[in-house]
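Here is the structure we will look at.
When a ligand or atom number is given, it counts from 1 through the structure's own listing order. Just so you know, these numbers come straight off a predicted model, no measurement behind them.
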Amino acid sequence: MYEQNYLISRLHAASVGQETRNFARIPQRASMTFGELFAGAERMAGALVGCGVQPGDRVAVQVDKTIEAIQLYLGTVMAGGVFLPLNTAYTTPEVAYFLGDATPRVVVCDPAKADAIAKVAGDARILTLDAKGRGSLEEAIVGRGGFTPVSREADDLAAILYTSGTTGRSKGAMLSHKNLASNSETLRDYWQFTKSDVLIHALPIFHTHGLFVATNVALLAGASTEFLSKFDADQILEAMPRATALMGVPTFYTRLLDDPRLDRARAANMRLFISGSAPLLVDTHEKWEERTGHRILERYGMTETNMSTSNPYEGERRAGTVGFPLPGVEARIRNDGQEVPTGDIGVLEVRGDNVFQGYWQMPEKTAEELLPDGWFITGDLSKFDEDGYVTIVGRAKDLVITGGFNVYPKEIESLIDDMEGVLESAVIGVPHPDFGEAVVAVVVADGAELSEKGILDGLAGQLAKFKQPKTVIVLPELPRNTMGKVQKKALREDYAALFA
Ligand code: AMP
């Protein structure tokens, strides 16, 4: 009875006949079986339709991570709706923009925010869901029975995810049933996920990584999860001996390395550690292998494209690279419309079933980035090496142009990161009266005392003069968002007047 809904039928298929098996083991709560997961999702779909949700209607959701929120995602898609998750960190004025832009039929939020959100939600019906899975949504499903998923085709929308919006307003990336299903099927096979896997699910579910990569891959494989409401080193280390896989952002790995309990014995049952959403330092990669005996598998993707490249499951996982284009994903690197030679830097473009349908109600923006022949311009500067591995050098907009010369931050960051006493660094361009932009290095020490002179001397023999930072700033830590991405925009703003 699920066949007529493209995504749901696929997410459900692996658990048919396995209804009593556990999908999620949840700290301090009862576990949830596959049968309960889908039955609850059906009840939610019924409740949403009861609130007037029609095929194609948006259901906006700003809630803490719970298994009920996963059911709400599935229930929305079953109801033919478009799931629109919002970062829990967004304030009500920020949420107001998304609701005004997406005009959802239903908004589900934390009970504590319901009054404020109701004021900015237009005609939308407000339901609530708290961190324990309680709220008016729960009341709305009481007494509801089974629901036959609404018929949806491959190209119908299943979700809209707003991009983090580092320049200008955030844009709503429209993702179809096929975008999501095809990418997760590819990842399941490429990373060899099966029913025997137990995935530690500790990522947020308002982002492509936790919602689609982690949840969809687990469901498609019929794998079970250690379902954690957020990153918690204690809980992850406690779960690790029962688990087989972890998906994380780089900060998961650096924080776990800080914990002396992480060792080979604890990781003995694990078969796969995956990292993505931000660059993994080579140093983290090496330390992880020393401590656990496992090489982290790094992959690359973005909201608009799902996952595009991955290091191989079998074969060499090359630190500092994001591996090869995934099966079914074409990739090319171009500058000014011309493909660049191997080893040269240009902007990465990708094409395949993974690529989104465009930005919600922004045809001009869509036309700028999604070419008529299906290629999507990612805006990530990158290069291929002779073996075909892709390295991401940084966002095109983070490129520094000083005195007319291009400076790629990653080249300088890699040299600084290799220096004794350095934990990590971020190189930015800030306005400069003579050079247009000046190269500035922001550096975090690894316990030791760091001096500007020491860093500049270390770079002097290795970099052309124009690439050498004009100033080095030492900070206790780099500003990061919840996905572990360094916020270079915030750094540029903080130091905008440095050379004024
Ligand atoms: P988001 O849409 O929030 O997932 O952000 C996507 C962006 O994160 C990409 O365009 C890249 O700039 C960055 N990103 C994702 N994965 C990686 C990775 N493994 N290495 C470097 N950057 C990455």
Contact check: [X] vs ligand 1, nitrogen or oxygen atoms, below 3.5 angstrom:
| X | result |
| --- | --- |
| His207 | yes |
| Glu304 | no |
| Tyr300 | no |
| Thr208 | no |

Ligand 1-proximal atoms of [X], by part, heavy-atom distance under 4.0 Å:
| X | answer |
| --- | --- |
| Arg395 | side chain |
| Ser275 | neither |
| Ser277 | backbone |

Is the Lys NZ or Arg CZ of [X] less than 6.0 Å from the centre of [Y]'s six-membered ring, within 45° of the axis?
| X | Y | value |
| --- | --- | --- |
| Arg188 | Phe193 | no |
| Arg317 | Tyr313 | yes |
| Lys171 | Tyr359 | yes |

- From Leu272, Leu246, Leu280, residue fulfilling side-chain contact (heavy atoms from CB on, under 4.5 Å) relative to Ile296: Leu280

Which of the ligand 1 atoms, numbered from 1, are nearer than 4.0 Å to a heavy atom of [X]:
| X | value |
| --- | --- |
| Val322 | 18 (C), 19 (N), 20 (N) |
| Thr303 | 1 (P), 2 (O), 3 (O), 4 (O) |
| Glu298 | 18 (C), 19 (N), 20 (N) |

- Message: My understanding is that only residues two or more places apart in sequence, or in another chain, count here; which of them pass side chain to side chain donor-acceptor pair (under 3.5 Å) with Glu330?
- Response: Arg351

- Item | From the candidates Leu280, Ile274, Asp380, the one that places a heavy atom nearest atom 10 (O) of ligand 1 | Asp380

- Could a heavy atom of Lys485 be found less than 4.0 Å from some atom of ligand 1? yes

- Task: Note the single closest protein heavy atom to atom 6 (C) of ligand 1, along with its residue, its atom name and the distance in Å.
- Result: Met302 CB, 3.3 Å

- Under 3.5 Å, is there a donor-acceptor pair between the Asp380 and Tyr300 side chains? yes

- Task: Check Lys489, Lys488, Arg492 against Asp398 for a side chain to side chain donor-acceptor pair (under 3.5 Å) and give me the one that passes.
- Result: Arg492

- Query: Checking side chain to side chain donor-acceptor pair (under 3.5 Å) for the pair Tyr162/Asn87: CA distance, chi angles, key distance, verdict?
  - Reply: CA-CA 9 Å; Tyr162 279 84; Asn87 191 326; over 6 Å; no

- Message: As a quick check of understanding, evaluate side chain to side chain donor-acceptor pair (under 3.5 Å) for Asn179 and Gln357, giving each step before the final call.
- Response: CA-CA 8 Å; Asn179 291 150; Gln357 307 298 302; 3.1 Å; yes

